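All of these numbers come straight from a predicted model, not from anything done at the bench.
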Amino acid sequence: MMRNRFFVNLPLTIIVVLYSPMVQQWLGFTMPEFPGSQWIVPILGSVIFFYGGLPFLSMGRQELALRQPGMMTLISLAITTAYLYSVSVFFFPPQDAMGMPMDFFWELATLITVMLLGHWIELRSVGQAQGALRELAKLLPDTAERLLPSGETETVEVSQLRAGDRVLIRPGASIPADGLVVEGESSVNESMITGESRPLDKKPGDTVIGGTVNGSGSLRVDIQQVGEQTALAGIMRLVEEAQKSQSRAQTLAQRAAFYLTIIAIIAGVLTLLGWLVFTGSVPSAVRNTVTVLVIACPHALGLAVPLVVAISTTLSARNGLLVRKRIALESAKDLNYIIFDKTGTLTKGEQGVVHFATNGLSAEEVLSIAAGLEGDSEHMIAEAIRQYAQAQNVRPAAVSSFESLAGRGVKASVNGAAYYIGGPRLLEQQGLTVPAALEAAQQQAENAGQSVIYLANDSEIVALFAIADVIREESRQAVRELHELGLKVAMLTGDSEAVARAVAQELQIDTYFAQVLPEHKASKVQELQRGGNKVAMVGDGVNDAPALVTADVGIAIGAGTDVAIESAGIILVRSNPMDIVKIIRLSRATYRKMIQNLIWATGYNVVAIPLAMGILAPVGILLDPAIGAVFMSVSTIIVSLNAQLLRGLDLTRA
């Protein structure tokens, strides 16, 4: 709407300015005249006022109804008084000592058009989707396979499921509702709900959560919770409540406009009364009052913040930061605590080899044999070992007589010798114990909450691998530079205390919260906020969504789930924790530019308004409207140029 009205008003404003007698006299040119040409300015000025000014008049009325006068009130006051005065002097030219009457049609037209442009830029930059709840709902499948008493299945809508129904969950399928496993074994990826980085093994008696994804096995599940009672529905309620609880923050420009409105009204009243008392001239009193009100509403104030916002939004995009909520970027300057979700944020959200130790074989031999044994497996741990060997430029050994050991690992022959690879249950089956050479490595892995995978032959364990969620290389530098900027860092995770402690120690994180359930993540944010901290939450999963919208600033890793992105104010497109540092630097630089622009946009009023009021009229000094227009134009140019300087900001440097 602002855009359409701007493009309609723009050509009309150009015509009004060109046909304005004051502008022609000022610049020394004349426009073609023809019968009725004297009506061009008042007619087009009226169209601009009623069509272009209507949004501001409407919003100004709303501000007054809420008793919160601000930018819209000031704009409405200025354009209304300018229009009424201009129409009156056009039809009833006053004849007094002031000489030729002068209207304000060109100031009125340019003021409205520039304000339309500024608010179009601003509204476009803060437009945001409201799809968080829709993205949450997408986690649930549309249909489920319900088991009949006969043992056959029927496909039904998820909404038709009831507590007590038994459903079949095939490999790779999403679980339709919360329930209890009654038959089958599989691993289930619950990271999008609980934050647990590793797929969890499920067997009869274990619970499963609606919206999570089944692994390679089939499960039969008795439904226990449906609809509003499910864990996913609970998270949806938290997101909705947090979104509703966020109040509308007042921008710097609105605050400046509030005070300027009060000043303008007081100055206008004093001007009107003063000129009436000391001169008795109604036309002079009205003319100077209108001059005060028009000068008090500079074009630059309408552009001061939107220009900086538009440029900072573009700058952020070039640096991999997508700003969805302007207030989030503005608020980042005040942050003193950054909370990171561990899985997928500080870490890659995928299993990898953290370290390995050998017993009797060389490192290259161990990696070659292990990669060969895991060559055909689709399990994520097998993939982690293969990728680690590949990164070390080690080729997998040729294997034969491959055999899968259900629930324990795999067995194969390498150069005629039998080798096994698997977890602790493999050692039980083979009757092997960890040799002294590997005890320290095993203890280190267990203390850090890491999974341990063993490589063995028929007689002994020859190596072990510590498997864990891999820490991003950028995370160390990000934490270090955030500390240098004066911020503290916290970590939230659904993982165990041991895992959380190990990651926190390695990254030198100030505070960590382990084994945090989805419904408790937002409360951890609130806990830090109650301590007087301004908190940002950085996450990538559905379980982070309530915390993202509860935090003062929500930041989503771009590679994360859609719901986390929808719930955040800022998105890291490149999923790089170092971009948090860029956000802080950009926010602080943006704030400085806003303050500078607001000073330029309003500062001249300190001189211009008293002169327009006529304080120095007794000594022959009275601000002419043309001089006031020059002040406004210069202020607008300075604001524009100052905002452009933000484009040269290097966010990679302190």
Side-chain angles (χ1 to χ4, degrees), residues 195 312 315-316 319-321 323 328-349 354 448 468-493 495 497-514 516 521 524-540 544 547-548 550-558 560 568-592 649-654:
S312 64
L315 182 62
S316 64
N319 283 273
L321 317 173
V323 178
L329 182 60
E330 290 180 9
S331 301
K333 72 182 189 310
D334 300 319
L335 294 172
N336 51 24
Y337 235 117
I338 308 293
I339 303 178
F340 287 94
D341 171 61
K342 181 186 77 69
T343 305
T345 305
L346 291 174
T347 65
K348 294 182 178 180
V354 178
D469 194 2
V470 181
I471 294 177
R472 296 178 185 271
E473 289 299 323
E474 307 91 345
S475 297
R476 296 176 177 82
Q477 184 181 357
V479 173
R480 183 175 64 254
E481 294 201 18
L482 286 171
H483 284 156
E484 292 174 358
L485 289 171
L487 287 85
K488 292 185 177 180
V489 179
M491 180 181 72
L492 278 176
T493 179
D495 279 348
E497 172 74 20
V499 172
R501 182 176 59 252
V503 174
Q505 289 176 347
E506 183 168 351
L507 295 179
Q508 296 185 337
I509 288 173
D510 302 286
T511 306
Y512 68 88
F513 302 97
V516 181
K521 286 200 171 184
K524 295 300 181 183
V525 174
Q526 293 170 340
E527 179 180 325
L528 290 178
Q529 289 173 326
R530 284 193 296 269
N533 297 299
K534 293 293 184 180
V535 180
M537 174 68 195
V538 187
D540 75 327
D544 303 321
L548 286 171
T550 300
D552 297 283
V553 178
I555 304 171
I557 292 289
I570 303 174
I571 300 161
L572 308 185
V573 178
R574 290 192 289 261
S575 303
N576 187 345
M578 270 300 298
D579 287 342
I580 305 297
V581 179
K582 293 183 179 180
I583 290 173
I584 305 301
R585 289 175 178 158
L586 178 60
S587 178
R588 293 177 180 179
T590 299
Y591 178 74
R592 288 194 297 270
L649 179 66
D650 185 357
L651 299 181
T652 62
R653 297 181 180 179

Taking side chain as C-beta onward, heavy atoms only, is [X] less than 4.5 Å from [Y]?
X: L572; Y: I583; value: yes
X: V553; Y: L335; value: yes
X: N533; Y: K488; value: no

Minimum-distance pair of heavy atoms, taken over all atoms of [X] and [Y]:
X: L548; Y: M537; value: CD2-O, 3.2 Å
X: T345; Y: P577; value: O-CG, 3.5 Å
X: I570; Y: A328; value: CG1-CB, 4.0 Å
X: V525; Y: A547; value: CG2-CB, 3.9 Å

If I take atom [atom1] from residue [X] and atom [atom2] from residue [Y], how far apart are they, to the nearest 0.5 angstrom?
X: L528; Y: F513; atom1: CG; atom2: CZ; result: 4.5 Å
X: K534; Y: D334; atom1: NZ; atom2: CG; result: 6.5 Å
X: D341; Y: L346; atom1: CG; atom2: CG; result: 8.0 Å
X: D552; Y: Q529; atom1: CG; atom2: CD; result: 4.5 Å
X: I338; Y: I580; atom1: CD1; atom2: CD1; result: 6.5 Å
X: I339; Y: L492; atom1: CD1; atom2: CG; result: 5.5 Å

Any donor-acceptor pair under 3.5 Å from [X] side chain to [Y] backbone:
X: T511; Y: A490; value: no
X: S475; Y: I471; value: no
X: S587; Y: L329; value: yes
X: N576; Y: M578; value: yes

T550/Q526 under side-chain contact (heavy atoms from CB on, under 4.5 Å): CA gap, chis, key distance, verdict
CA-CA 7 Å; T550 300; Q526 293 170 340; 3.6 Å; yes
Going by the rule salt bridge (charged side-chain N to carboxylate O under 4.0 Å, His left out), which residues pair with K582 if we only count those two or more places apart in sequence or in a different chain?
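With neighbours one apart ignored, the set is D579.
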Who passes salt bridge (charged side-chain N to carboxylate O under 4.0 Å, His left out) against E481, sequence neighbours left out?
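Applying salt bridge (charged side-chain N to carboxylate O under 4.0 Å, His left out) to E481 gives R585.
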Show me the side-chain donor-acceptor pairs of residues 503-510 shorter than 3.5 Å, one per line, residues at least two apart or across chains.
{"from": "E506", "atom 1": "OE2", "to": "R476", "atom 2": "NH2", "distance (Å)": "2.3"}
{"from": "D510", "atom 1": "OD2", "to": "H483", "atom 2": "NE2", "distance (Å)": "2.8"}
{"from": "D510", "atom 1": "OD2", "to": "V489", "atom 2": "N", "distance (Å)": "2.8"}

Counterpart residues, side chain to side chain contact (heavy atoms under 4.5 Å, CB included), relative to V354 (two or more places apart)
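With neighbours one apart ignored, the set is Q450, A468.
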Return the set of residues passing side chain to side chain contact (heavy atoms under 4.5 Å, CB included) with R480 (not counting sequence neighbours), or none when no residue passes.
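For R480 the side chain to side chain contact (heavy atoms under 4.5 Å, CB included) partners, ignoring immediate neighbours, are Q477, E484.
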Derivation of the side-chain contact (heavy atoms from CB on, under 4.5 Å) call for L485 and R588
CA-CA 11 Å; L485 289 171; R588 293 177 180 179; 3.9 Å; yes
Mind checking side chain to side chain donor-acceptor pair (under 3.5 Å) for E473 and listing every partner two or more places apart, or none if nothing turns up?
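E473 satisfies side chain to side chain donor-acceptor pair (under 3.5 Å) with no residue once adjacent residues are dropped.
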